[in-house]
Amino acid sequence: MLTAATAATGLVFPTGVALAQQAPAASPPAEAGNAGHYRFRVGDMTATVLSDGLIGGPPRVYASDAPEAELQEVLRRAFLPTDRLTLNLNTLLLETNGRRILLEAGAGQTMGPQGGRVFRNLAALGLSPDDIDIVVVSHTHPDHVGNLRAADGGRMFPRATVFAPRADWDFFVRTDPDLSYMPVPAEFRRNFAAAIKRSVEPVADGIELYEPGAEIVPGLSTLPAAGHTPGMANFLVQSGSDQLLLTADLAYHPIVNVDRPWKPGPDRDKDAALVSRRRIFDMAAADRLLVLGFHYPFPGLGRMLKTDVGYTWVPLGWQF
């Protein structure tokens, strides 16, 4: 995921938003406001969307091939700002067979001051990082791994086994990755790569690497979704006749990447990402799957509707 703030000192993105030095994962001070967690059921499983906060950046970053006038008009018609697209960070807690599994660690403070709220939302459920047994990340961009590092440089989830896709680990962690495909200044790219390595450092010795397509635990499978990164996976949660599909960064915001077919600039291989997007969106539409979009407006749940020209996002009605 690429956004207007990541690990750097003194660097200013073209929007004028200063990039912050990567800070340890921590919850911002408590504030009065709306709920940042949303509970529902997937068969016998308890599922809870836990917000880790917000990030964002120039709309052009997330719609790289959009005609400028059309992009501006689409944003205006959706009552969205035309100079900045705000994205949510929707992690998912699964409680099944006596285990608590967190899908996506979240950004922490790696990508701006509005991240790192997952811990506050865990606390609202009476839970702490010590209560998490497994953390599975779809890919290793900072907004998906930033919370793995604690304030003291240790493991933020001390008891958890952490799973990451092997191809992403090989590309981003074991080498100095070529990020020239990212539509940002070179210094931004260098610090983006450094944020990844710093975030995963505490878990590197015990990391469990998976191939997309593998089953992590019964009822939780990974689906190949390469393109955004070399090894990005999607997640399919199944219990009884119920299913939930987590699409990670196949799309950033439904207004520009679902209702419109525009390609995200941070996709490393845009053609491969488009193939993955169409394949998985087609499956979601055909099977009428409940879908969770990592960056969609909270709580990020809805369904894909196939249309004559592509897809439309249909948000799920709020359940009380």
Side-chain angles (χ1 to χ4, degrees), residues 27-56 78-80 85-107 114-129 131-136 138 143 147 219-220 234-248 250-255 257-259 281 284-285 287-306 311-320:
S27 285
E31 302 170 355
N34 297 312
H37 62 276
Y38 182 81
R39 267 188 161 155
F40 60 106
R41 302 286 299 183
V42 182
D44 293 332
M45 299 183 187
T46 298
T48 309
V49 181
L50 298 170
S51 174
D52 194 47
L54 302 170
I55 55 176
F79 304 100
L80 295 173
L85 195 61
T86 296
L87 305 175
N88 283 255
L89 300 165
N90 299 320
T91 72
L92 185 74
L93 176 67
L94 288 177
E95 297 176 84
T96 177
N97 295 324
R99 288 185 285 195
R100 295 187 178 97
I101 304 167
L102 186 64
L103 301 182
E104 312 290 19
Q114 292 183 292
R117 303 186 182 198
V118 70
F119 306 107
R120 177 196 308 170
N121 291 314
L122 270 174
L125 304 178
L127 301 173
S128 76
D131 294 311
I132 303 301
D133 299 294
I134 295 172
V135 178
V136 191
S138 62
D143 54 328
N147 278 326
L220 173 60
N234 283 185
F235 303 128
L236 185 64
V237 179
Q238 302 181 78
S239 178
S241 60
D242 288 351
Q243 294 183 307
L244 171 68
L245 173 67
L246 288 78
T247 57
L250 275 186
Y252 285 104
H253 196 291
I255 292 295
N257 305 131
V258 180
D259 296 351
F281 284 5
D287 294 346
R288 302 175 65 84
L289 296 177
L290 182 61
V291 174
L292 173 59
F294 182 70
H295 291 300
Y296 295 7
F298 180 83
L301 293 164
R303 288 185 168 83
M304 295 288 174
L305 177 66
K306 190 74 177 287
Y311 311 92
T312 291
W313 175 248
V314 183
L316 184 71
W318 191 276
Q319 300 176 22
F320 293 93

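All values derive from a computational prediction rather than experimental measurement.
Note that CZ of Arg288 is 14.5 Å distant from NZ of Lys306, once rounded to the nearest 0.5 Å. The CG atom of Asp143 sits 8.0 Å away from atom CD of Glu104, with the distance rounded to the nearest 0.5 Å. How far CG of Leu301 is from CG of Leu245: 11.0 Å, rounded to the nearest 0.5 Å. For the atom pair Leu103 CG and Leu94 CG, the distance stands at 5.0 Å (nearest 0.5 Å). Here the OG1 atom belonging to Thr91 is positioned 8.5 Å from the CG atom belonging to Asn147, to the nearest 0.5 angstrom.
Using a distance-only test at 3.5 Å, with no hydrogens or angles considered, no donor-acceptor pair links the side chain of Thr312 to the main chain of Leu305. Side-chain atoms of Gln243 never come within 3.5 Å of backbone atoms of Leu236 as a donor-acceptor pair (strictly under, hydrogens ignored). Within the 3.5 Å criterion, the main-chain N or O of Thr247 finds a donor-acceptor partner in the side chain of Asn234. In terms of modelled atom types and a separation under 3.5 Å, the side chain of Asp52 and the main chain of Gly116 share a donor-acceptor contact. For Asp242 (side chain) and Val42 (main-chain N/O), no donor-acceptor pair under 3.5 Å exists by modelled atom type. Between the side chain of Asn121 and the backbone N or O of Gly36, at least one donor-acceptor pair lies under 3.5 Å. Using a distance-only test at 3.5 Å, with no hydrogens or angles considered, no donor-acceptor pair links the side chain of Thr86 to the main chain of Gly56.
Heavy-atom minimum distance, Arg117 versus Gln114: NE-O, 3.4 Å. The minimum heavy-atom distance linking Val258 with Ala251 is given by the pair CG2-CB, 4.1 Å.
You'll find the side chain of Ile55 reaches within 4.5 Å of the side chain of His295, heavy atoms only. Two residues are said to be in side-chain contact when any heavy atoms from C-beta on lie closer than 4.5 Å; Leu246 and Leu244 meet this criterion. You'll find the side chain of Asp259 stays beyond 4.5 Å of the side chain of Tyr311, heavy atoms only. Inter-residue side-chain proximity for Leu316 and Arg303 is flagged as met; some heavy-atom pair is nearer than 4.5 Å. By the 4.5 Å heavy-atom criterion applied to side chains, Pro299 and His37 are not counted as neighbours. Residues Phe235 and Leu92 have side chains not in contact (no heavy-atom distance under 4.5 Å, counting atoms from C-beta outward). Taking 4.5 Å as the limit, some side-chain heavy atom of Leu50 sits within range of a side-chain heavy atom of Leu102.
Contacts of Thr48 classified as side-chain hydrogen bond (donor to acceptor under 3.5 Å, both in side chains), with partners at least two apart in sequence or in another chain: Arg39. Residues satisfying the side-chain hydrogen bond (donor to acceptor under 3.5 Å, both in side chains) test with Arg41, not counting sequence neighbours, are Thr46. For Asn90, the side chain to side chain contact (heavy atoms under 4.5 Å, CB included) test picks out Val49, Asn88, Leu292, Phe298, with sequence neighbours left out. Applying the ring-ring contact (aromatic ring centres under 6.0 Å, His included) rule to Tyr296 yields the partners Trp313; only residues at least two apart in sequence or on another chain are considered. Qualifying side chain to side chain contact (heavy atoms under 4.5 Å, CB included) partners for Arg100, counting only residues two or more places apart in sequence or in other chains: Leu93, Glu95, Leu127, Asp131, Ile132, Asp133. Remark: Ala78 engages Leu80, Ile255 in a side chain to side chain contact (heavy atoms under 4.5 Å, CB included) (not counting sequence neighbours). The side chain to side chain contact (heavy atoms under 4.5 Å, CB included) check on Asn97 picks up nothing, with sequence neighbours excluded. Residues that satisfy the ring-ring contact (aromatic ring centres under 6.0 Å, His included) test with Tyr38, not counting sequence neighbours, are Trp318.
Within the structure, the salt bridge (charged side-chain N to carboxylate O under 4.0 Å, His left out) test picks out no pair touching residues 311-320 (sequence neighbours left out).
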